[in-house]
Amino acid sequence: MHNDPEVIVRSPQELIGDLNEQQAQAVQFRGPALLIGAGAGSGKTRVLTRRIAWILTRFGAWPSQILAITFTNKAAAEMRERLSTLIGPVAQRMWVSTFHSACVRILRRDGERIGLKSGFTIYDTADCERLVKLIATDFNIDVKRYTPRQILARISDYKNGLTGVRETLAQYAPDFRPGTRGFRVGHIGNVEELYAIVYAEYQHRLALANAVDFDDLIVRTVELLRTQPDVAEYYRRKFRYILVDEYQDTNHAQYVLVRELAGVDSGERPSPDAVGAGRQGPAWITVVGDSDQSIYAFRGADISNIQDFEQDFPDARTIMLEQNYRSTQTILDAANAVIAHNEGRKPKKLWTAAGKGAPITGYAADTAQLEAHWIAHEIRWLHEEEGVRYSDVAVMYRANAQSRSLEEGLIQAHVPYQLIGGTKFYERREVKDALAYLQAIVNPADGINMRRILNVPKRGLGARAESMVTAWADERGLTFWQGVEQADRIEGMTTRTLNPLKRFAAMMTQLRAFAAEHDRQPSQVVAEVLAQSGLLEELQKSTDPQDQSRVENLSQLQSVAAEYEQNTPDATLAGFLETTALVADSDQLPDEAEDTGKVTLMTLHTAKGLEYPVVFLTGMEQGTFPHSRAMEDTSELSEERRLAYVGITRARRQLYITRAAVRAQWGRASEMMPSQFLDEIPDELIDWKRREAGVERMRSGWGRGSDGGSSYGRGDDWDSGLDEFGGWDDDFDEPSYGGSSYGRSSYGGSSYGSSSRSRSSGDTAPRFGSAARERSSSSGNGGAHFSYGVSGSSPTSPRSSLRFGSTASASSRSGKVTTRRTSPKSSPKPVSALDKDNRLDINDFHVGDKVSHDSFGLGTVLETQDKGRNSIITVDFGSDGVKRLMLRVAPIEKL
DNA sequence: TTCGGTTGCATTTTT
DNA sequence: TGCAACCGAA
């Protein structure tokens with residue numbers, strides 16, 4: 001067996017001695033195709049790295065024969081790090097990277113073969129949008145009706161599905177030729193034609209600019225491998241083992257890429273007596289994934305890639321890892337219960353040897369601000385009283401917009417935090433401007449970036465100058481930059497425009513020369529650009545305090561470049577730009593072992609693959625999570641649920657779930673119903689510190705008065721001390737409630753601000769013990785969910801749950817109620833979701849019934865879910881699709 | 001051409 | 001609420 005002398009040989013004992021049966025099997029598996037079904041926290045990274053070491057030492061593979069694909073750069077770096085400790089520094093030279101980085105590397109080497117010149121530019125989403133907008137304007141397309149975003153989404157779909165321009169044109173617009181000057185779409189027969197035309201023109205202009213977008217990195221690599229047999233041959237001989245992590249999130253293009261790289265379809269037979277993949281035949285493939293954690297369908301991820309793996313790859317074998325080493329049984333029970341609501345999945349149950357652990361803590365706040373406030377103080381208490389490190393706590397949310405209130409809460413409570421994601425560093429205006437200079441220097445054909453910097457900083461070259469140069473250059477088939485260079489030939493050009501144009505051209509020429517001389521020192525080029533362009537000067541002169549931080553960002557960009565320069569042996573300016581184009585949010589995350597002393601805030605999507613001892617899952621409301629745009633579609637709702645599953649399984653010891661009854665969205669306060677996912681977690685797993693928000697309690701309180709309270713069961717509120725009526729409903733009886741100023745001014749910091757109040761819950765409930773929990777949890781779950789009424793299957797009559805809604809708001813309602821009522825009086829009180837009730841009873845609906853919906857028309861009931869006030873009805877509206885509707889608010893009528 | 005003001009619109013999630 | 005795009009004036 002030929003072993004690379006640089007690879008540290010590990011004994012089988014070292015590689016599998018500490019693994020469980022399934023893990024050990026996965027590490028050792030000998031065969032062309034292996035799917036490791038790795039549930040959350042089942043130690044898949046460990047298995048993956050051990051398997052690589054196994055392949056190297058037991059199958060006798062060379063490090064250069066391995067291609068390992070991860071989802072983010074950070075995951076790649078981490079895997080490389082772990083490999084280093086296992087097999088030595090050779091790991092640093094191995095191909096361990098994301099799909100996108102690997103493709104860039106391949107395209108840099110052989111892209112010329114398909115017309116990509118070296119130094120090609122990678123456009124980010126903003127660049128792509130500018131390009132589409134440009135095209136839309138040229139073609140006279142109404143961008144209000146067809147937003148660049150929409151168009152790009154469609155283009156991206158085409159690309160992820162490997163549908164080329166040629167095919168779409170042939171099908172929808174056979175007469176269109178890209179690059180045709182003066183083309184006007186005018187009135188399009190159908191939208192498909194429009195999409196096909198823009199797609200074609202978009203690709204055409206990308207090619208002219210020597211640029212690619214994110215999707216192209218994959219697509220064009222596939223194209224390269226498919227059209228250039230010798231190139232494909234080279235990589236097939238090189239990579240004998242391909243390992244793909246997070247396989248459930250691959251799209252069709254990536255799937256095909258893997259097949260092409262592996263040579264699965266080449267028809268070659270493997271060497272008969274090889275120990276491993278040998279020298280010929282398809283490479284051996286290992287994929288790792290968990291279909292329950294597929295959360296990127298919106299980006300084209302195709303869950304069937306993983307589901308069909310065994311059919312797709314001959315002699316494939318599946319090994320499931322179901323033992324979880326991360327979380328407590330309570331947390332896993334919650335996760336299992338939630339994900340079990342998804343239909344059509346292979347049943348799978350995670351288990352742990354770790355024991356039950358603490359219950360999940362629930363909290364219902366009145367507003368998003370108060371939710372943040374409670375979380376912040378809970379975290380501080382955990383830190384100060386329980387000795388929990390801040391860096392062991394993560395706060396997660398569905399959408400970036402939610403981070404703001406959480407940040408404010410943490411700041412007020414003096415809890416240090418770091419925010420991951422949001423507007424990325426490289427997307428900030430000033431950083432993007434500086435990068436645009438660099439791109440334009442490396443690749444002057446790049447019209448998008450060249451145009452961006454033409455008048456930044458201001459040099460009197462506005463829209464008019466730009467369009468004159470563009471028109472002149474277009475007519476002659478030249479690039480924008482060539483137009484600028486030859487500006488004095490343009491007729492009708494005034495000296496007033498010509499002079500700054502000439503100065504701009506001279507500056508860029510000079511910068512290009514400088515960059516050519518200092519190609520190995522990108523940081524020098526950055527410095528030169530900042531100085532020569534006047535970018536820095538303009539910001540330094542400004543009095544706007546924001547510009548101060550912009551200066552700092554630019555200086556940080558320079559530091560990043562310097563760092564890249566030091567860490568990269570063959571550093572180039574183009575290489576530096578690549579690294580900036582392919583960063584992900586998660587790449588900002590600190591190393592696992594590092595104690596930053598800060599709480600981490602991030603979206604659920606960026607949290608994938610991470611784990612924290614303490615996790616806060618926030619904004620558990622209908623419309624927030626699940627997101628309103630995903631609530632009505634069954635498959636999108638399933639994806640939301642998988643996202644919830646991902647969130648829950650991030651927690652190791654303690655999980656918090658919180659919601660707000662009122663949340664400001666688009667500047668308006670609206671009332672939020674509890675998330676249906678809360679209903680899906682078994683009640684006995686949750687210890688509600690506060691089950692109902694004040695608003696809700698006030699209503700149910702009235703209901704109790706008139707109804708005797710029998711139908712609601714006893715909430716835990718009655719014995720929890722903190723949430724006794726007194727002190728709370730006073731606030732809510734204030735006449736100002738419901739107005740826009742509600743949230744913060746009335747009690748943002750004053751009555752609730754002192755931490756003693758919020759702490760009173762903590763006094764009696766230590767987090768990681770279980771003894772003191774008994775009190776609240778045993779008494780706290782007397783019935784079904786307290787606030788939403790009781791389901792029809794309970795002893796209570798179904799009617800009573802209806803009365804709940806109607807008594808609560810009877811005063812504000814008269815006669816027939818529609819859900820889209822516009823209040824005749826200009827009362828400041830918003831139409832409340834809690835008030836809404838069309839008085840339909842879920843028990844009146846049965847599968848197969850016909851209903852009529854105000855906007856979707858006629859439909860057939862597919863399913864009814866009785867959840868009392870939260871009852872959901874699933875209806876097939878034919879061409880309008882299958883919708884899940886909340887019965888209480890749906891504008892439907894039984895026929 | 002630039003600046004300043006007003007209006008109108010928007011929120012998924014991201015390599 | 002906050003930002004971006006558009007419009008009109010200097």
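Letters A, B, ... are given to chains in the order of the sequence lines, protein chains preceding strands, and every chain is numbered from 1.
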Would you mind reading off the distance between [X] atom [atom1] and [N] atom [atom2], rounded to a whole angstrom?
X	N	atom1	atom2	result
Leu152(A)	dT14(B)	CG	P	17 Å
Lys608(A)	dT15(B)	NZ	P	11 Å
Met602(A)	dT13(B)	CE	P	15 Å
Gln248(A)	dT15(B)	CD	C1'	14 Å
Phe425(A)	dT14(B)	CZ	C1'	19 Å
Ile295(A)	dT13(B)	CD1	C1'	8 Å
Leu589(A)	dT15(B)	CG	P	11 Å
Asn160(A)	dT15(B)	CG	C1'	10 Å

Are side-chain N/O atoms of Gln665(A) and Ser670(A) paired as donor and acceptor at under 3.5 Å?
-> yes

Give one of base, sugar-phosphate or nothing for Tyr296(A), where a contact means two heavy atoms less than 4.0 Å apart.
-> sugar-phosphate

So what does Thr606(A) touch, heavy atoms closer than 4.0 Å: a base, only the sugar-phosphate, or nothing?
-> sugar-phosphate

What orientation do Tyr199(A) and Tyr158(A) show, parallel under 30°, tilted 30 to 60°, or perpendicular over 60°?
-> parallel

Between Phe576(A) and Tyr564(A), how do the two ring planes meet: parallel, tilted or perpendicular, split at 30° and 60°?
-> tilted

Could you give the distance separating dT11(B) and dC6(C) at their P atoms, to the nearest angstrom?
-> 15 Å

Separation between the C1' atoms of dT12(B) and dA5(C), rounded to whole Å | 23 Å

Under the salt bridge (Lys or Arg N to Asp or Glu O under 4.0 Å) test, which residues partner Arg80(A), sequence neighbours left out?
-> none

Residues at least two apart in sequence or cross-chain that pass salt bridge (Lys or Arg N to Asp or Glu O under 4.0 Å) with Arg550(A), listed by chain then number, are Glu430(A), Asp547(A)

Would you say the side-chain atoms of Glu621(A) pair up with the backbone N or O of Ala660(A), donor to acceptor, closer than 3.5 Å?
-> yes

Per side chain to side chain contact (heavy atoms under 4.5 Å, CB included), Ile122(A) is matched among Val212(A), Leu577(A), Thr580(A), Asp216(A) by Val212(A)

Among dA5(C), dT14(B), dC3(B), find the nucleotide with the atom closest to the side chain of Lys458(A).
-> dC3(B)

5'-most by nearest nucleotide on DNA chain B - Thr603(A) or Gly462(A) | Gly462(A)

Identify each atom pair where a protein N or O and an N or O of nucleotides 9-12 of chain B are less than 3.5 Å apart, giving names and distance.
unit_1, atom_1, unit_2, atom_2, d
dT11(B), OP2, Arg149(A), NH1, 3.4
dT12(B), OP1, Arg629(A), NH1, 2.6
dT12(B), O2, Arg398(A), NH1, 2.7
dT12(B), O2, Arg398(A), NH2, 2.2
dT12(B), O4, Glu636(A), OE1, 3.4

Any Asn455(A) side-chain N or O less than 4.0 Å from OP1/OP2 of dT2(B) = yes

